[in-house]
Trainee: 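Take this structure, written in structure tokens, and hold onto it; I'll ask about it next.
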Amino acid sequence: MSVLLGLTQMGYGQSSYELSLNAKKLGAPIQSTMYGLFFEDINFAADGGLYAEMVKNRSFDFPQNLLGWYTFGKVEVMKDSPLFENNPTYLKLSASGHDHKHTGIENEGFRGMGFKKDETYRFSVWAKTVESNSPQKINVQFLDSKNDVIASQDLEITSNEWKKYEVVLTPKKTDEKGRLRIFFLTKGNIYLDHVSVFPTDTWKGRENGLRKDLAQALSDINPGVFRFPGGCIVEGTDLDTRYDWKKSVGPVENRPLNENRWHYTFKNRFFPDYFQTYGLGFYEYFLLSEDMGAEPLPVINVGLSCQYQNKKEECHIPVNALDEYIQDALDLIEFANGPADTKWGKLRADMGHPAPFNLKYLGVGNEQWGHEYVDRLAVFMKAIRAKYPEIKIIGSSGPGPDGKEFDYLWPEMKKLKADLVDEHYYRDPKWFLNNAGRYDNYDRKGPAVFAGEYACHDHSTGKQNSFRSALCEAAFMTGLERNADIVHMCTYAPLFAHVDGWQWRPDMIWFDNLRMMKTPNYYVQQLYGHNVGTNVASLTWNKEPLKGQDGLYASAVYDKNTKAYIIKVANTSTETKDIKVNINGLNKKVTPKMGECVKMHAGEMSAVNTLDSPNNIIPQKTTATLNGNQVSISIEGEAFGVYQVICE
Ligand code: AHR
């Protein structure tokens, strides 16, 4: 087989194939959660990314209080705010005492601020006058990258009580690397805190909202499940820096700062200004899941810090001391689903969502391994099952798709009766092609599979989001689809990366402060996400699934709602392949007709999309022909195609 595959790559394979699609027997149901999203605040995915806040260190509570800020004139850092106990720092601005000297502050944003001409931006600040009742004035400016003022508004601070003030500005120019500047204009003193700039046009128009283009891109995938908040960020570098969901809810001004573990994870991609404000927290996450129609799948800390970085037992919470962590898990379920008269359900209602979010899944631990994980998971499961038996629990199979940890953990997950097991694979193209049959012989009686983090790492391009990587993922995913009876979810990872601030690649969507680029990998996910189907359909060649023979991979589903068969074919050879699919056993009264057919092809396997050329590789319409119940597909070498056949 491998010899044949080698020859095929050189172009000696056969070029026509007759496949059989069994329309007589409906295959296993496909879960609505099958294709989803994984979100982690890595690569400036949240602060500086999806979270639309444009001011970095808006509360002055980074360890270096003025990181991201420039000050001029008389500016004093103040501590112990009476207003926000979790973000105690604020600033005092005083008149310089000289007509030609100025007092003020300037913020550099997240590697700049992206302003769009004629769009509106809401500047807000908590402020008060000091030692005087007379109103004071500030001038708020947006600057472009050449230091020219592109928007300006005065704002009066009228009260000696803390209050939130707002003003809307409209830049007269587009600039990706803009800044915010505030001049203090009057003779007295003022206090300022929580200085914020958001576009008014956020996703769903929400204040404290999300960047509309990025959220829209997520929604456009049609995700069935949405995993959050990671990833290693669940564990932290140590437990002090773990993601603590309780800090991510309630008034945004009082959510405390957390270090972002990715600021120092890789010395060669070091970002000392990377913190988590928790501005995009669990409430915003549940809302976005609801908006997209995706099942939320939170992952909570199991009492273990990152096991790569913490080898000693004392770095973790002892098995007999997990109460606080378990309570966090139970409280999260209450926050999501509890009635509004429970403690955490009330907080959700107070934040604006009295109805429950209908949480069904919970990941316990991220990428954990060893008996230290199993011992802790057992205690968590007992407590969660006792209080919330309806919640489906997801356990980990470790950091890789095979090997010692994996072989130890799967049987343990079966013993514990986990509902799903999370598998992670960041592997090269060959691995993805060789593993399209990975699940064909999996145990059908054990837990279901959640392919919770995966991406093809194309080392020949320096791990870029090449078309090769996307095609290999498409080929591999035919195997996920064929085995949808046990593979219930899969989520590509990571999701986002800022072009000037990434730590890890490949990533599904790249962005700068104004633009966004969907990778070929994104489009593969989208094609699967829009062609999920309701049931697997058996598709065979010589009675076997196509899982790499002559470089071909194929699977099919039936969609009860649209009454369509959807055939997916990945051709990883360099040859055009002519494929005939006989739809066998179709009711005689049905006359099939072709529905939408789409393909992805790039000419060059190393081709990529970029911010300047985001449409290099996008799905394009293609055709297939029907002769009675036989579909004829001609697919060129190195291409992925999706073909709908409507049978009503
Ligand atoms: O996706 C990036 C990282 O890969 C995740 O944080 C972690 O779970 C895995 O090791």
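Remember, it's 1-based here, ligands and their atoms both numbered in the order they're listed.
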Trainee: For atom CD of Q64, decide whether the heavy atoms of other residues, nucleotides or ligands shown that lie under 6.0 angstrom number more than 12.
Mentor: no
Trainee: Using modelled atom types only, decide if a donor and an acceptor are shared between the side chain of N616 and the backbone of A607 within a distance under 3.5 Å.
Mentor: no
Trainee: Which salt bridge (charged side-chain N to carboxylate O under 4.0 Å, His left out) pairs, counting each pair once, include a residue from residues 509-523, with sequence neighbours left out?
Mentor: D512-R515, R515-D612
Trainee: Applying a heavy-atom distance cut-off of 4.0 Å, which protein residues contact ligand 1?
Mentor: E40, G231, C232, W262, N366, E367, Y426, E453, P494, W504
Trainee: Under 3.5 Å, is there a donor-acceptor pair linking the side chains of R376 and N301?
Mentor: no
Trainee: Apply ring pair (Phe, Tyr, Trp, His ring centres under 6.0 Å) to F44 and list each qualifying residue two or more places apart in sequence or on a separate chain.
Mentor: F271, Y274
Trainee: Do any side-chain atoms of residues 469-480 form donor-acceptor pairs under 3.5 angstrom with protein atoms, and if so which ones, sequence neighbours left out?
Mentor:
{"unit_1": "S469", "atom_1": "OG", "unit_2": "S466", "atom_2": "N", "d": "3.4"}
{"unit_1": "S469", "atom_1": "OG", "unit_2": "S466", "atom_2": "O", "d": "2.7"}
{"unit_1": "S469", "atom_1": "OG", "unit_2": "N521", "atom_2": "ND2", "d": "3.0"}
{"unit_1": "E473", "atom_1": "OE1", "unit_2": "N521", "atom_2": "ND2", "d": "2.9"}
{"unit_1": "E473", "atom_1": "OE2", "unit_2": "C456", "atom_2": "N", "d": "2.7"}
{"unit_1": "E473", "atom_1": "OE2", "unit_2": "N521", "atom_2": "ND2", "d": "3.3"}
{"unit_1": "T478", "atom_1": "OG1", "unit_2": "A475", "atom_2": "O", "d": "2.5"}

